[in-house]
Amino acid sequence: MAGVSKVAPTPLLKDELDIVIPTIRNLDFLEMWRPFFEQYHLIIVQDGDPSKVIKVPEGFDYELYNRNDINRILGPKASCISFKDSACRCFGYMVSKKKYIFTIDDDCFVAKDPSGKDINALEQHIKNLLTPSTPFFFNTLYDPYREGADFVRGYPFSLREGIPTAVSHGLWLNIPDYDAPTQLVKPLERNTRFVDAVLTIPKGTLFPMCGMNLAFNRELIGPAMYFGLMGDGQPIGRYDDMWAGWCMKVICDHLGLGVKTGLPYIWHSKASNPFVNLKKEYKGIYWQEELIPFFQSATLPKDCTTVQSCYIELSKQVKAKLGKVDDYFLKLADAMVTWVEAWDELNPSGEKSVEQNGVVAK
């Protein structure tokens, strides 16, 4: 209507959500996100050379951590945080004091829906997290809690309450999240399909979790969102989010928490070098044929009732079963324990429940 000024969208959970961004460069991309991010607190995790100055556009409320800060805050336990890899983002999850986390990469721009309207990715993630998940029985109209949808005929009434949603996994227009071999075979492929759907990932089903457009309830699942040992000094890269996703899903299934995927979309602006990616992924592509069956068959004992105790138990299974695949998994299993110890040091309220499950946080 002519003459009516555009009303800014009401920020949802602005005092309960942190935006975590890993980066090695100036954050000019935030200008595009200003209408959606400006009223939120940002946690920027600077990777690489800590002496480099990262410029952040004016008007944003943020804290920035570089490698020196990570070493200072965690001391010897900083060894569990990756260096020269976007896996360092999980340090931001640990130091946050908010209930929710949204994490995004610095090459992700605002996407447009088919009508040409800018997509508020954060708002959609919040909608996903604040409505229940339905992992025990598939609804053919997808998310029954969306406006204009419901549970279809034949859906058990006993399951219609759903369960709490722990993770919201968003997607990408333009550059898809492909591995190096697929990138090499399809260098010009772009994702132009906007699918207007949100699905709960069924119980017992694993998925490849991408960390560049992701939100989660930190209080429900935070200690499981460890992005592993990647990058500098490690034999593998680009599997940080995959590892976190597999561990998280096993624990969510055990604790009765839900995971959604689909909307929102972001615009992934640039493809990374497939040859560099192949070097990083090579061992992961080989190892994942053994990793996936491991996670598919992993079970957790009933007395594991907290995320921390589940994660410690999973680390023991990683050591016992995946240690045979490569010594790297022995080191990773130890880092998983260090991560939980560091999490509990920075988030002391978690200590009691961990001790109750026979794991004393040091």
Side-chain angles (χ1 to χ4, degrees), residues 17-34 36-98 100-110 121-122 177 210-216 218 222 225-234 236-241 243-244 266 268-273 276-277 280 335 338-339 342-343 345-347:
L17 184 144
D18 279 335
I19 299 172
V20 174
I21 305 166
T23 194
I24 55 168
R25 58 181 66 85
N26 294 336
L27 293 179
D28 303 332
F29 92 113
L30 284 172
E31 282 298 351
M32 182 184 288
W33 287 102
R34 190 180 286 279
F36 306 124
F37 289 1
E38 197 169 29
Q39 296 184 66
Y40 291 88
H41 181 68
L42 312 181
I43 297 177
I44 298 159
V45 184
Q46 178 180 343
D47 197 17
D49 180 3
S51 66
K52 183 180 175 184
V53 177
I54 298 285
K55 291 178 183 169
V56 182
E58 283 186 28
F60 286 96
D61 169 36
Y62 71 93
E63 52 194 299
L64 187 149
Y65 298 93
N66 62 30
R67 191 70 207 187
N68 295 340
D69 300 315
I70 294 171
N71 292 339
R72 175 177 50 82
I73 292 164
L74 295 185
K77 292 188 174 72
S79 61
C80 72
I81 304 297
S82 299
F83 184 54
K84 294 189 177 172
D85 193 282
S86 65
C88 67
R89 79 175 79 223
C90 62
F91 176 77
Y93 310 161
M94 188 188 273
V95 294
S96 170
K97 299 297 174 219
K98 304 286 176 60
Y100 299 98
I101 295 285
F102 169 53
T103 185
I104 186 171
D105 283 6
D106 60 15
D107 61 351
C108 294
F109 299 166
V110 178
L122 187 46
D177 187 28
C210 172
M212 67 180 155
N213 173 23
L214 180 72
F216 60 93
R218 194 175 161 276
M225 299 298 279
Y226 175 47
F227 275 45
L229 289 176
M230 303 281 150
D232 201 45
Q234 307 302 337
I236 185 176
R238 282 174 59 83
Y239 271 85
D240 51 334
D241 41 10
W243 182 261
I266 52 83
H268 187 204
S269 65
K270 69 176 194 290
S272 45
N273 185 314
V276 173
N277 289 349
K280 291 178 181 178
T338 304
W339 160 264
W343 183 282
E345 276 183 17
L346 292 182
N347 302 276

Check your understanding: Should Asp232 and Asp85 be marked as a side chain to side chain contact (heavy atoms under 4.5 Å, CB included) after you check the CA-CA gap, both sets of side-chain angles, and the distance that decides it?
Key -> CA-CA 7 Å; Asp232 201 45; Asp85 193 282; over 6 Å; no
Check your understanding: What do the steps show when you test Lys97 against Asp18 for side chain to side chain contact (heavy atoms under 4.5 Å, CB included), and what is the final call?
Key -> CA-CA 8 Å; Lys97 299 297 174 219; Asp18 279 335; 5.8 Å; no
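Listed here is the closest heavy atom pair of Phe60 and Leu30: CZ-O, 3.4 Å. Leu74 approaches Ala78 most closely through the heavy-atom pair CB-N, 3.6 Å. The shortest heavy-atom contact between Ala121 and Ile266 is CB-CG2, 4.0 Å. The minimum heavy-atom distance between Glu31 and Pro57, with the atom names listed, is OE2-CB, 3.4 Å.
Surrounding NZ of Lys55 are at most 12 heavy atoms belonging to other residues, nucleotides or ligands under 6.0 Å away.
Using a 4.5 Å heavy-atom threshold, the side chains of Arg89 and Ile43 count as separate. Counting heavy atoms from C-beta on, the side chains of Ile70 and Val45 come closer than 4.5 Å. Side-chain contact between Pro22 and Asp47 is absent, with no heavy-atom pair separated by less than 4.5 Å. By the 4.5 Å heavy-atom criterion applied to side chains, Arg218 and Ser96 are counted as neighbours. Counting heavy atoms from C-beta outward, Asp241 and Phe227 have side chains that approach closer than 4.5 Å. Leu27 has its side chain out of reach of Tyr62: every pair of non-hydrogen atoms, C-beta onward, lies at least 4.5 Å apart. The shortest distance between side-chain heavy atoms of Val20 and Phe102 does not fall below 4.5 Å. Under the 4.5 Å side-chain criterion, counting only non-hydrogen atoms from C-beta, Tyr226 is not in contact with Met94.
Checked by atom type and distance alone, the side chain of Asp240 never pairs as donor or acceptor with a backbone atom of Gly228 at under 3.5 Å. For the pair Asn71 (side chain) and Asn68 (backbone), a donor-acceptor distance under 3.5 Å is absent.
With rounding to the nearest 0.5 angstrom, the NZ atom of Lys84 is 8.5 Å from the CG atom of Asp49. The structure places CD1 of Ile101 at 11.0 Å from SG of Cys90, a figure rounded to the nearest 0.5 Å. Rounding to the nearest 0.5 angstrom, the gap separating the CZ atom in Arg25 from the NZ atom in Lys52 is 7.5 Å. Interatomic distance, Ile21 CD1 to Ile54 CD1, rounded to the nearest 0.5 Å: 11.0 Å. Note that the SG atom of Cys108 and the CH2 atom of Trp33 stand 7.5 Å from one another [nearest 0.5 Å]. Between atom CG of residue Leu122 and atom CD1 of residue Ile19 there is a gap of 5.0 Å, rounded to the nearest 0.5 Å.
His268 pairs in a side-chain hydrogen bond (donor to acceptor under 3.5 Å, both in side chains) with only one of the listed residues (Asp107, Asp105, Asn213, Asp177), which is Asp107.
Relative ring orientation between Trp339 and Trp343 is described as tilted, the plane-to-plane angle lying within the 30° to 60° band. Note: Tyr93 and Phe216 have perpendicular aromatic rings, judged against thresholds of 30 and 60 degrees for the angle between ring planes.
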